[in-house]
Q: 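Structure in structure tokens, see below.
Note that the coordinates shown come from a computational prediction; the quantities given were computed from them, not determined experimentally. In what follows, every chain begins at residue 1, and chains take the letters A, B, ... in the order their sequences are listed.
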2 protein chains.
Amino acid sequence: MAGGGKREARSRFERIYALLRSRICLLDYPPGMRLREEDLAEEFATSRTPVRRVLARLEDEGFLRSVHGVGTIVTDIDIDSLQQVYQLRVELAELVGKLSPVRPDAARLEEFRALLDRCDRLKGEPDAREFARINMDFFHLLMTLTANEPLREFSERLYYQTTRIWLKTAARLTRYEDMLQAEIRFFRHEVADIVAAIESGELETVGHIRRSHVAMSFARLYAEAHPQSP
Amino acid sequence: MAGGGKREARSRFERIYALLRSRICLLDYPPGMRLREEDLAEEFATSRTPVRRVLARLEDEGFLRSVHGVGTIVTDIDIDSLQQVYQLRVELAELVGKLSPVRPDAARLEEFRALLDRCDRLKGEPDAREFARINMDFFHLLMTLTANEPLREFSERLYYQTTRIWLKTAARLTRYEDMLQAEIRFFRHEVADIVAAIESGELETVGHIRRSHVAMSFARLYAEAHPQSP
DNA sequence: GTGCGGTCATTTGTACACAACATCATGCAC
DNA sequence: GTGCATGATGTTGTGTACAAATGACCGCAC
């Protein structure tokens, strides 16, 4: 076996899937947008069939909704309907570091530290999109701290479902520069805390830190959407 | 709109999906079995296309594995690889009753109580398949105790992935009658405990009870597969 | 007898044509 | 002018033919 045929087909599927999901989560495909299977097929130089395979999965995961005769529509999100998702995300965050914890090696640890530099650079030139990307890389690094496959899979699902709401909320604010700056500071603090916890080998502490930060992040978003009454 | 066209297509998809998943979990389709898309298409009086949509989802969820040129194969399972799945299942079990708890109404409560009768009847005529079915009904009833949609979805995924191992282990034992009787007793005890907790309004306690029973169930299975050394 | 190569049957993956369905514009009746 | 029927247009869902890939079988050389 030359080792390429079938694996190539599979990797292509994963590539298209990851790309489309990324576009949805970065709001390149904003909620409500209609995707055309034929356009996507043309972009990836294939027919509708493999594209439909990807769209079906994204629909199963709640990112899309295909309606016969109408189109494939990016699902809408709002902070209220995501409350349950966040509640579960908070719980799962704590489980990372508790179930099948994996101590990172030197190289992995260096990747964590590199995020601190990226945060600092971002502070000089704030950009919501770049922030979202760093946040995503950080998340994936965190997932390497547990070997529990189902936990990783579910956490990833919840993460991608909730990450859109941040960019959407930020885009709505008239002066979102302040919020962005503040969020970047919060985030850098979280990364620093977690790096410290990792360095002292307290993987379970990582889970607790992460849990509280996810919860607080949601609280801030929620407050932003629901101006408090006296 | 006469209200039937598209919804019918969707309900058909769900029906086929639930049926195939059920067959896999009840070992009607045992691990390693090869399914033929064309056969399934014929059974459901349709073409391969809708069947492939269902198989793709079952593959995404880890029940099947399609191999080009070979067939669609029911995935194998073993107690060791399911350890992580069980660990997460235990944690999620506790969250039911904690996240968005829903107090059951009188009718729902009656359904719980009815399970006790089914258990008692089962004691008189032990049957692994019927036991698995009661267990499944009980699980679905438990899911009505939380309104957290993602939690329900994930719990369901983990439940179906782990339920197969029980029947598989039981089928292997030479004298599985004893084990079955014992398991039925354990299970009836669990149902009774949980009914009592529900009646006193302690939904969070339900989660704790469930957690410990799932954990102990796994421990028994694990011990069965790994004869203890002194 | 054994190992190797090729041929064939079988099955999933892909491409494409067509059906089902929803939406919007158009025009006609009143 | 308004309301409704009707057709045009566009999109996803389904059926089907064909390509790609795998494994089994057979025959042949040695």
Q: Quick one: which of D:dT11, D:dG13, C:dT14 gets closest to the side chain of A:Ser47?
A: C:dT14

Q: When you measure from the centre of the six-membered ring of A:Phe154, is the NZ or CZ of B:Arg157 closer than 6.0 Å and no more than 45° off the axis?
A: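 Here B:Arg157 fails the 6.0 Å and 45° test against A:Phe154.
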
Q: Report yes if a side-chain nitrogen or oxygen of B:Thr72 is closer than 4.0 Å to either non-bridging phosphate oxygen (OP1 or OP2) of C:dT12; otherwise report no.
A: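 Checking C:dT12 against B:Thr72, a side-chain N or O does come within under 4.0 Å of OP1 or OP2.
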
Q: Tell me whether the side-chain N or O atoms of A:Arg10 pair up with the base of C:dG13 as donor and acceptor below 3.5 Å, since no angle test is needed here.
A: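 A donor-acceptor contact between them is absent.
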
Q: For A:Arg48 and D:dT14, what is the distance between atoms CZ and P respectively, to the nearest whole Å?
A: 11 Å

Q: What integer distance in Å separates B:Arg36:CZ from C:dT12:P?
A: 7 Å

Q: Have a look at B:Leu35 and say if it touches a base, only the backbone sugar-phosphate, or nothing, with a 4.0 Å heavy-atom cut-off.
A: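 Contact class for B:Leu35: sugar-phosphate only.
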
Q: Between D:dT14 and B:Thr46, is there an OP1 or OP2 to side-chain N/O distance shorter than 4.0 Å?
A: no

Q: Roughly how many Å is it from CD in B:Glu42 to C1' in D:dT16, rounded to a whole number?
A: 16 Å

Q: Nearest whole angstrom, please: distance from the P of C:dT14 to the CD of A:Glu38.
A: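 Computing the A:Glu38:CD to C:dT14:P distance gives 17 Å.
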
Q: With respect to the side chain of A:Ser66, which nucleotide from D:dT11, D:dT12, C:dC16 is positioned closest?
A: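 For A:Ser66, the side-chain atoms sit closest to D:dT12.
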
Q: Before accepting this row, confirm whether a basic side-chain N of the pair B:Arg133/B:Asp127 lies closer than 4.0 Å to the acidic partner's carboxylate O.
A: no

Q: Just the rounded figure in Å: distance from P of D:dT22 to CZ of B:Arg65.
A: 11 Å

Q: Under 4.0 Å, counting only non-hydrogen atoms across every strand here, what does A:Arg53 touch: a base, just sugar-phosphate, or nothing?
A: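 The residue A:Arg53 makes no contact with any strand.
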
Q: Please check if atom CD in B:Gln83 has more than 12 non-hydrogen atoms from other residues, nucleotides or ligands closer than 6.0 Å.
A: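 Above 12, so yes.
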
Q: Side chain of B:His68, heavy atoms from C-beta onward: which of D:dT12, C:dA15, D:dA20 has the nearest atom to it?
A: D:dA20

Q: Any luck finding a side-chain donor-acceptor pair between A:Ser100 and A:Arg152 under 3.5 Å?
A: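 Distance-only check fails for A:Ser100 and A:Arg152.
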
Q: What's the CZ-C1' distance between A:Arg34 and D:dT12, to the nearest Å?
A: 11 Å

Q: Under a 3.5 Å cutoff, is there a donor and acceptor pairing between the side chains of A:Thr72 and A:Ser66?
A: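 Yes, because at least one side-chain N or O of A:Thr72 sits under 3.5 Å from a partner of the opposite role on A:Ser66.
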
Q: Expressed in angstrom and rounded to an integer, what is the separation of B:Glu37 atom CD from D:dT16 atom C1'?
A: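 About 13 Å, once rounded to whole Å.
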
Q: In whole angstroms, how far is the P atom of C:dT14 from the CZ atom of A:Arg52?
A: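 Those two atoms, CZ and P, are 14 Å apart.
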
Q: Check every atom of D:dG23, D:dT14, C:dT14 against the side chain of B:Val70 and return the nucleotide holding the closest atom.
A: D:dG23

Q: Is a donor-acceptor contact shorter than 3.5 angstrom present between the side chain of B:Thr49 and the base of D:dG15?
A: yes

